[in-house]
Amino acid sequence: MDFSFSEEQSMLKDSVTRFVQDNYDFESRRTLAASDAGFSTEHWQTFAELGWLSIPFSEGFGGFGGGVVDSMVVMEELGKGLVLEPYLATVLLFGGLLQKSGNQVVQDAYIGSIIEGSLQGAFAFVERDSRFVLNAVRTRAEKSDGSYWINGEKTVVINGASADKIVVSARTSGNTHDEGGISLFVIDSKEAGVKISSYRMMDGQVVANISLDQVSVSTDHMLGEEGEALEVMQEVINDAMIAVSAEALGAMEKALQITVDYTKIREQFGVAIGSFQVLQHRMVDMFTAVQETRSLLYRAACSLEAGSDEAIKDLYALKVKVGRAGKLVGEEAMQLHGGMGMTDELDVGHYAKRLRMINTLFGDADFCQQRFAQLSYR
Amino acid sequence: MDFSFSEEQSMLKDSVTRFVQDNYDFESRRTLAASDAGFSTEHWQTFAELGWLSIPFSEGFGGFGGGVVDSMVVMEELGKGLVLEPYLATVLLFGGLLQKSGNQVVQDAYIGSIIEGSLQGAFAFVERDSRFVLNAVRTRAEKSDGSYWINGEKTVVINGASADKIVVSARTSGNTHDEGGISLFVIDSKEAGVKISSYRMMDGQVVANISLDQVSVSTDHMLGEEGEALEVMQEVINDAMIAVSAEALGAMEKALQITVDYTKIREQFGVAIGSFQVLQHRMVDMFTAVQETRSLLYRAACSLEAGSDEAIKDLYALKVKVGRAGKLVGEEAMQLHGGMGMTDELDVGHYAKRLRMINTLFGDADFCQQRFAQLSYR
Amino acid sequence: MDTTFTPEERVFRDEVRTWIKRYWTEELANRIADKSTFKEAQTELQKLLNDQGWMAPGWPEEYGGTGWSVTRRYIYNTEMARAGVLGPADPMVFGVSMVGPVIYTYGNEEQKKRFLPKILTSDEWWCQGYSEPGSGSDLASLKTKAELEGDHYVVNGAKIWTTYAHYADWIFCLVRTDSSGRKQEGISFLLIDMKTPGIKVNPIIGIDGRHTLNETEFNNVRVPKENLIGEQDKGWTYAKSLLTHERLYVANVSQSKRSLAELKKLAEREWAGGQPLAADPYFQQRISDIEIDLMALEFTELRVLSAAAAGKEPGAESSVLKLRGSEIAKALQDIKMDVAGYYAGIDDADNNANHSFANKTRIDFMYGRASSVYGGTNEIQKNIIAKAVLGF
Amino acid sequence: MDTTFTPEERVFRDEVRTWIKRYWTEELANRIADKSTFKEAQTELQKLLNDQGWMAPGWPEEYGGTGWSVTRRYIYNTEMARAGVLGPADPMVFGVSMVGPVIYTYGNEEQKKRFLPKILTSDEWWCQGYSEPGSGSDLASLKTKAELEGDHYVVNGAKIWTTYAHYADWIFCLVRTDSSGRKQEGISFLLIDMKTPGIKVNPIIGIDGRHTLNETEFNNVRVPKENLIGEQDKGWTYAKSLLTHERLYVANVSQSKRSLAELKKLAEREWAGGQPLAADPYFQQRISDIEIDLMALEFTELRVLSAAAAGKEPGAESSVLKLRGSEIAKALQDIKMDVAGYYAGIDDADNNANHSFANKTRIDFMYGRASSVYGGTNEIQKNIIAKAVLGF
């Protein structure tokens, strides 16, 4: 029974912490968020130099061979700075799919470029009416003339505007909600028939709707077996749930800290507002929510890494808590900042926004609680 | 738009208030609760003399011809004193069924005795596995030789130990959960085959399990049409839901008042504990819950009396709030009394117990919320 | 005990509905929602209301009010809010509900003649200068100074959260004219022309990404002394008496009912796991929690109004209106965000992936967070109830 | 980062389970649950534990402890609680967990020899005399006086909430020996034989209807001065250092896991509208809210234990254990009451209408209300966290 980090993990953590401290003060972040890409390619190169982009990849591909605990360590620290660079989209989602796909052609073609920071990726898995159900896929791929031809539309694709390559889920057989019949394809964002319409999310992320009109993909750019992609999609998203939960934890910790500091200084009625017992207790509730999140994060990370039978249940429990605690911490942080908390110029509201977005990502608290219940009370 | 009471209602309210003040200090109540019957027949005679037992009955039977607002007025005040006399069981449930049944034989035979205080009644509608579903009836009645013969068992019959006459729901056709096929019979508690096994509830009520073994009832003691009883049962219970909600409101108001008074006096760390902001805010939450309960009580009472389409939805909303607010107020009242709140010797815990019992009565908050949702989101 | 309307009241309700149907067109609503046409279109709406004599229902008839009963005002407010004509962030609040009553109650005849008609015609827009940077819920700690020099007050300081200051022609301000006594004393109530030299309006971008709020600076702003309301140093009393004036409608019941109805509709069209979200028991439970609270709030408001109609002082129950009103409004906004799912995050009115409601949902949610802060935080509301109602 | 047990630890767990299977019979459990046989049967159980050497796992080996690692103690506690052998209202807590460590840490050799063995053999039962009527969470305000007269302290005053005082042979008391300084000073730690003349135990009936609590009066009770622990006037320090001693296990995780498992079973057999309650989505949501919180609490406890195992001071996370532990335990009791429905109200062990679990459910619920009060109310816990962790 041991919750300490390995020496390598501690070093990794320190290096991310230092990067955030040195580069991600709120004003710098604001400038980045307002830029066209919504992040810094320079920072991305730093990530590459520091080795962060290699974490989930096997050593055979030049990777670090890390597991969910390693990416958890990185993401918690990134969360503290509301870091905008598309680590999740390129490394964990796109990279994760490549790593787990067993498709040597695409692995050889792209993993090296990810690690050296020269390739951006994305994973397009949401559709207009899919909500949080991975197998609600209407986009279709048909095989003819030695290629697959893809037609359909994907929405809110994270990093969709900057991605060079995009993994798209498409149905090679079956109907909209079937679990079988889904395949994954790596497409080029500049391929004929790909229309990318990008926009911003409230947390500063640039995402895109992607319409696919007779887009051709060569058969060697399919990941895994035809029609059998759901399992690998779910696996990659399970790992990503740990990662975004860690990011949320970092954001919550920072939001709490900002709030505690603010209420110690901000005076009203002649005293620091932090001296009011009611506000203190509410910050204790925030603190408790943060502790609970960390406990469930460690629980889910350990059981996922150990391949436990309870791993999926632990994961949904975590995501429920991340959603609820994130709302609580985000909103209370804003409320305790009073009117200032509701302005764009203070950082606190931006933590609340990101926490809100993470709640939704891969399934919100309500959705995950239903999945949890199905596992717990079947 | 008017929420004031009529002059008659105000007088009625004052008379109940005075009775409770003069007769129901906590020690007197404790003595009554410990007695065999669990209430005072002397008080019951006072109720008769003050005309309270005549409220729901038509003037033709010597009644007051009152509606749900009138019994609401009485019950709120009784709730403040945690009054033990079986007003609900005898007058509102048993009496209500008689009044609405249209069966002149039993009306002539018993309503006069109820009004003069010489007859106790009960309504046996719960079975071992029925939970809150009125039509979950296994008890059966079969007609032969010009009588009905009843077999089955009823549980937790309120006032079952003292009742002279008991209305029993029994199935004359159909299966356990059918809505049709349920009939009501007035039986005598001393009839052959009736076995009454009485016990106490945590709020001091004496209730009974009643087993019925070939109990004979004459056909003129059936209420309403054979197999058509569910509607009248539901109507009487709807009225009773207003009544017990009013009782709960009275109990909550008193529990809040007791708590506010206690925290103003009780000192800790050299100051009255009521000076702690956190405790003040929690009492504000209790106060808010009480106000919400009153608002929903008035809403449901008005719409039930006006025969509004929304009446049933309003009623379920009320019962949800009564359940949740009752838990909140009862438990917070105990908690704010500290260790003393958890003893039998202080009154506060007894309010919490009664509130808990009212939550369950006729369907708890969860059950009523589901019914509400069925009406609201169908 | 009776909650039905009289036949006359029902006729009146139909009259209001007919007006709404005729004048509250989608075209007008869209122009008001569009930042570039907002002021012009909103003024157009207000002029229509004024033509009907409905601009200031609560004012005394002699100044252009309606002389309606409490019930009629309730009906009017309910119908207007239900249709979305009136909303919690109405610009006319500042003229009609806030400064107007101060002027006709405490102003002199000239002030009444000068200001009230232009509030009714909407030819002059107002904004409010109460809060200051740093004052928060402790309003009386205000520091903006006004010193009498000859015929003018010279005003220096800054006001914050001045909603619509960038549209306003006038601002009503609480200013400090004496700092020797208790902080509630020595405050005066001044009307200031926004075109006066020395006034600078700095936009504050809200967390919803929009510009409705401002900080308004005063640098040696010279205000004619005839713009002082009532007596110097007595402004706190005037402002405070107004706070109780409009507290009957602070619960925003109709707005929340409208929000709930929209929410139910959205949940029917949003798809979740092969069925509409509205059919999902978890969702039903969450939404019904709030619906039941809102049903209670509605009748709490009616209880307060019924007491007011009978000429009684508002009872203890009125104290919970703002508190619960804001909590319920926020809870509805929260669920609506969850209904919008991934699309709730979109910060873009055009690129909505077929979820056109999502952008407004996000704005309403983010803007709505402030409802538990302005007009005294909910924590302050609870302090007040503890003191005034529970006697602590 | 790893939460698996070593092979040796798994062997140990099996050993504990085997012991439980052999000795924790239904017959013994029933006799402990029965008021009339409680003390005798509980003593029997404790003697069995002591025969195995497991009576006081946390004590140093020289006094009869086990010398187990933190992980083993965790395994032991978990298994014992899971089976229901150890519960939160254990009478052995007072001897083993509370007074024992005070005696071996601050007592003299004679005291150790006199008292520790009989705690282990359960030949002497202990109760705790800390709280006083009126002191509540402000423990240090205690007033019970002990005056030295020759070789004896003469004790006057009263203690409240003395659980099992009616079974106890000895009571350990905090008494005031000096009232001149700060209230935390001048308090001494005395061991008092319950048979001493002048002691009167008055039952307090709990809201659960049972007699577990008492008020214990002291009228000129003469206590030999050799029963003083450590130095006179330093008792507060001894008592306080003990409060941190056992705070690793205050969350009652295993008891709550047991409670949750029971709850799920009950919900499968209780019928609601044609299906088991367990299949009802509303019910699933309510119960899963708590299950998830409990899963978090379990790992919060593990995090604390893991730090302790590594020889580190407990971190900030340890502060939430009691708070959340009591909230979760109470929430589970609350749902169980709702599952029992009408039958939850029954105050009768025999007449249970086929719902034999209902009476115990009611008792657990009512008794459990106190878990957010004893050992410092949850409000006090939050004050402490605000101060110690958040730095207010």
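Computed from a predicted model, the values in this text were never measured in an experiment. Letters A, B, ... are given to chains in the order of the sequence lines, protein chains preceding strands, and every chain is numbered from 1. Note: hydrogens, waters and symmetry copies are ignored here, and every other heavy atom, side chains too, is used.
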>> Between C:Ile292 and B:Glu292, is the side-chain contact (heavy atoms from CB on, under 4.5 Å) condition met? List the steps.
In response: CA-CA 10 Å; C:Ile292 291 166; B:Glu292 291 181 317; over 6 Å; no
> Checking side-chain contact (heavy atoms from CB on, under 4.5 Å) for the pair B:Asp285/C:Lys382: CA distance, chi angles, key distance, verdict?
Replying inline: CA-CA 8 Å; B:Asp285 292 341; C:Lys382 288 192 181 182; 2.8 Å; yes
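- Only the side chain of B:Phe287 comes within less than 4.5 Å of a heavy atom in chain C; its backbone stays farther off.
- For C:Lys360, the side chain to side chain donor-acceptor pair (under 3.5 Å) partners at least two apart in sequence or on another chain are C:Asp364.
- By a heavy-atom distance cut of under 4.5 Å, not one residue of residues 13-20 of chain C is near chain B.
- Counting heavy-atom pairs under 4.5 Å between each of C:Gln381, C:Glu268, C:Glu9, C:Glu291 and chain B puts C:Glu291 at the top.
- Checked against a 6.0 Å centroid threshold, the rings of C:Phe283 and B:Tyr377 do not count as neighbours.
- For the salt bridge (charged side-chain N to carboxylate O under 4.0 Å, His left out) condition, no pair includes a residue of residues 271-281 of chain B, sequence neighbours left out.
- Under 3.5 Å, the side chains of C:Arg324 and B:Thr288 contain no donor-acceptor pair of N or O atoms.
- When heavy atoms are compared at a cutoff of 4.5 Å, C:Leu297 does not approach chain B at all.
- When heavy atoms are compared at a cutoff of 4.5 Å, B:Arg324 approaches chain C solely by way of its side chain, counted from C-beta outward.
- Here the side chains of B:Leu297 and C:Phe299 are not in contact, with every heavy-atom distance at 4.5 Å or above.
- Within residues 250-271 of chain B, the residues having any heavy atom less than 4.5 Å from a heavy atom of chain C are, in residue-number order, B:Val260, B:Thr263, B:Lys264.
- By the neighbour-count criterion of 12 heavy atoms within 6.0 Å, atom CD of B:Glu8 is sparsely surrounded, having that number or fewer from other residues, nucleotides or ligands.
- Of the listed residues (C:Thr71, C:Thr4, C:Asn383), the one with the most heavy-atom contacts under 4.5 Å to chain B is C:Asn383.
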>> side-chain contact (heavy atoms from CB on, under 4.5 Å), that's the test. Do B:Ser6 and C:Met1 meet it? Break it down for me.
In response: CA-CA 8 Å; B:Ser6 69; C:Met1 191 162 282; over 6 Å; no
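- Most heavy-atom pairs under 4.5 Å with chain B: of the set C:Met295, C:Glu379, C:Gln285, this distinction falls to C:Met295.
- If you measure heavy-atom distances from B:Asp314 to chain C, the contacts under 4.5 Å come from both the backbone and the side chain.
- Per-residue heavy-atom pair counts under 4.5 Å with chain B were compared for C:Glu298, C:Arg303, C:Gln284, and the maximum is reached by C:Arg303.
- Considering only heavy-atom pairs separated by less than 4.5 Å from chain B, the leading option among C:Phe5, C:Phe392, C:Tyr74 is C:Phe392.
- Here C:Leu302 is the residue among C:Leu302, C:Val389, C:Thr6 with the most heavy-atom pairs under 4.5 Å with chain B.
- Heavy atoms closer than 4.5 Å to chain C are found in the side chain of B:Met72, but not in its backbone.
- Heavy-atom contacts from other residues, nucleotides or ligands closer than 6.0 Å to CD of B:Glu7 number 12 or fewer.
- C:Asp289 and B:Gln369 are linked by a side-chain donor-acceptor pair at a separation below 3.5 angstrom, with hydrogens and angles left out of the test.
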